[in-house]
Amino acid sequence: MSVTWNRTDTAQVLRRPTGDDDKYSRGVLGVRTGSQRYPGAAVLGVEAAWRTGVGMVRYLGPDRPTALVLARRPETVVAAGRVQAWLIGSGTDAADRDDDEAATLGEVLAGPVPVVVDAGALDLAPAATAPLIVTPHAGEHARLRSALGLAAPTGGDAAPGLAARIDAAAETARALRGVVVLKGAQTVVAAPDAEAIVVDAGTPWLAAAGTGDVLAGAIGAVVAGTAAHGEALARAAAAGVWLHGRAATLAAGALGPAGGPITASDVAAALPRAVAEALAR
Ligand SMILES: NC(=O)C1=CN([C@@H]2O[C@H](COP(=O)(O)OP(=O)(O)OC[C@H]3O[C@@H](n4cnc5c(N)ncnc54)[C@H](OP(=O)(O)O)[C@@H]3O)[C@@H](O)[C@H]2O)[C@@H](O)CC1
Ligand SMILES: Nc1ncnc2c1ncn2[C@@H]1O[C@H](COP(=O)(O)OP(=O)(O)O)[C@@H](O)[C@H]1O
């Protein structure tokens, strides 16, 4: 069983800023992403978080991605401090993780604040106790299931259909006790005790390198901005997925009636229009 997510659902999740707000009350997202090898993923996630609407982004990472993040977004704060949500893992590789980074990520994943776990931090998710949203693509989902002692998502060589993907994501969510965002043309958002949510991307032009890094930043911003916990976490994740797909559709659609090639940066640039559209009455 599943429900399909739409613009109205997204509008119900997003919080419109008011005159009483300040940069802290609008939500602070802490970001630990990027590496010497994949610095671009840090830039994309930070850019997406700002563009989705958050009061502050704190970026804490290696020197090279830090320099690139600041070059692109000087408004990013690179000092530690309180956050309402974390984003970790995009543009990192577990094989390159040193002891200090492992200890820091361990603290994040044992804390009270929700954590969006992407790419190279997914191996740490099974041991986490923090409120969790994991964002695997199909390959990463298979690895995560194996780490959780679950069977491969499909018995044969054929790619699993939507029903099988929903069942597998729901099973992973129960085993993990967290929200699973299983990415694809139709992204499945599954939580341990709730009906799965299906979000249509809207355009296949979205299948391009780095768009997953943008998605993780968008979800992180929605979670930080809405202070989502508990059941609301899956809805916050679904809102982030909808905004990401809508941004891609707007960016591709601006090129012509059949759409056209877009980059991950184009998707991030279109996020404010997707947010404005969702909030329009
Ligand atoms: N500009 C930047 O800095 C960018 C940085 N990036 C960063 O790069 C890092 C590595 O991420 P990654 O996804 O490229 O590699 P990884 O997770 O090891 O997957 C490898 C194997 O998994 C499979 N597989 C993959 N996708 C699948 C799918 N959709 N559906 C099914 N299977 C799929 C496939 O295996 P195969 O099917 O070929 O056996 C593939 O060979 C990560 O940190 C990321 O954030 C990128 O975001 C790009 C932009
Ligand atoms: N055929 C497709 N149609 C629409 N969206 C897709 C398609 N394939 C992948 N996507 C979306 O593109 C993004 C790719 O993310 P990911 O695989 O993590 O790439 P990367 O690691 O390069 O950022 C996800 O949001 C996914 O849902």
Side-chain angles (χ1 to χ4, degrees), residues 5 31-48 52 61-62 64-65 68-69 72 87-97 101 105 116-125 133-147 152-154 157-160 162 164-165 168-169 180-189 197-220 237-253 259 261-268 270-271 274:
W5 191 264
V31 181
R32 288 188 168 276
T33 60
S35 56
Q36 301 299 105
R37 184 141 50 113
Y38 301 119
V43 177
L44 291 168
V46 167
E47 175 74 4
T52 302
R64 183 155 177 242
L68 292 170
V69 163
R72 173 72 195 172
L87 162 59
I88 65 173
S90 314
T92 70
D93 187 334
D96 298 334
R97 189 184 301 136
E101 185 62 5
L105 293 180
V116 180
V117 184
D118 189 30
L122 284 166
D123 65 305
L124 301 171
I133 298 176
V134 298
T135 59
H137 57 56
E140 290 163 336
H141 188 225
R143 287 199 288 267
L144 179 59
R145 285 179 62 86
S146 167
T154 177
D157 288 339
L162 180 60
R165 293 176 66 237
V180 174
V181 175
L182 176 55
K183 295 181 284 195
Q186 291 180 301
T187 291
V188 177
V189 181
I197 299 169
V198 176
V199 193
D200 257 301
T203 175
W205 292 109
L206 186 53
T211 54
D213 306 320
V214 171
L215 174 69
I219 293 173
V241 176
W242 187 89
L243 291 170
H244 179 251
R246 187 63 195 148
T249 302
L250 289 169
I262 51 172
T263 65
S265 295
D266 295 333
V267 179
L271 277 165

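FYI, the numbering just counts along the sequence from 1. One-based numbering, in listed order, for ligands and for the atoms of each.
Considering all non-hydrogen atoms of both residues, Thr211 and His244 come closest at O-NE2, 2.8 Å. Heavy atoms only, all atoms of each residue included: Lys183 and Leu215 are closest at CD-CD2, 3.6 Å. Scanning all heavy atoms of the two residues, the minimum distance from Ala238 to Val189 falls at CA-CG2, 4.1 Å. Looking at every heavy atom in both residues, Ile262 comes nearest to Ala248 through CD1-O, 3.6 Å. Between Val31 and Thr33, the closest heavy-atom pair is CG1-OG1, 3.4 Å. The two residues Ala251 and Ala270 make their nearest non-hydrogen contact at CB-CB, 4.2 Å.
Among protein heavy atoms, the minimum distance from atom 3 (O) of ligand 1 is reached at Ala41 N, 2.9 Å. Nearest protein neighbour of atom 33 (C) of ligand 1, counting heavy atoms only, is Gly139 N, 3.7 Å. Nearest non-hydrogen protein atom to atom 15 (O) of ligand 1 is His137 NE2, 4.4 Å. Residue, atom and distance of the protein heavy atom nearest to atom 30 (N) of ligand 1 are Ala138 CB, 3.4 Å. Nearest protein heavy-atom neighbour of atom 10 (C) of ligand 1: Tyr38 OH, 4.0 Å. What sits closest to atom 44 (C) of ligand 1 on the protein, heavy atoms only, is Gly91 N, 3.7 Å.
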Test side chain to side chain contact (heavy atoms under 4.5 Å, CB included) on Asp118 and Ile88; report intermediate values, then the result. CA-CA 6 Å; Asp118 189 30; Ile88 65 173; over 6 Å; no

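Close approach of ligand 1 to Gly210 is summarised as follows: ligand atoms under 4.0 Å from at least one heavy atom of the residue are 48 (C), 49 (C). For ligand 1, the atoms sitting less than 4.0 Å from at least one non-hydrogen atom of Gly40 are 3 (O), numbered in the order shown with element in parentheses. Per-residue contacts place Ser90 under 4.0 angstrom from the following atoms of ligand 1 (heavy atoms of the residue considered): 45 (O).
Under 4.0 Å from any atom of ligand 2, one finds heavy atoms of residues His137, Lys183, Gly184, Ala185, Thr187, Ala201, Thr203, Pro204, Leu206, Ala207, Ala209, Gly210, Thr211, Gly212, Asp213, Leu215, His244.
The closest donor-acceptor contact from the side chain of Ser146 to the backbone of Ala142 lies at 3.5 Å or more, if one exists at all.
Not a single heavy atom of Gly212 lies less than 4.0 angstrom from ligand 1.
If you check each of Leu215, Asp213, Asp93 against atom 46 (C) of ligand 1, the one with the closest non-hydrogen atom is Asp213. When Arg37, Arg143, Glu140 are checked for heavy-atom proximity to atom 18 (O) of ligand 1, Arg143 turns out nearest.
With a 4.0 Å cut-off on non-hydrogen atoms, Thr92 touches ligand 1 through its backbone and not its side chain. Only the side chain of Ala119 comes within contact range of ligand 1, with a heavy atom under 4.0 Å; no backbone atom does.
Just one residue in the list Ile197, Val180, Leu162, Val199 forms a side chain to side chain contact (heavy atoms under 4.5 Å, CB included) with Val188, and that residue is Leu162.
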Anything under 3.5 Å between a donor and an acceptor, one on a side chain of residues 36-47, the other on a protein residue two or more places apart or in another chain? List them.
from: Arg37; atom 1: NH2; to: Asp93; atom 2: OD2; distance (Å): 3.2
from: Arg37; atom 1: NH2; to: Asp96; atom 2: OD2; distance (Å): 2.8
from: Glu47; atom 1: OE1; to: Arg72; atom 2: NE; distance (Å): 3.4
from: Glu47; atom 1: OE1; to: Arg73; atom 2: NE; distance (Å): 2.6
from: Glu47; atom 1: OE2; to: Arg51; atom 2: NE; distance (Å): 3.3
from: Glu47; atom 1: OE2; to: Arg72; atom 2: NH2; distance (Å): 3.1
from: Glu47; atom 1: OE2; to: Arg73; atom 2: NH2; distance (Å): 3.2

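Look at Arg143 and Asp123 and you find no salt bridge, because none of the NZ, NE, NH1 or NH2 atoms lies under 4.0 Å from a carboxylate O.
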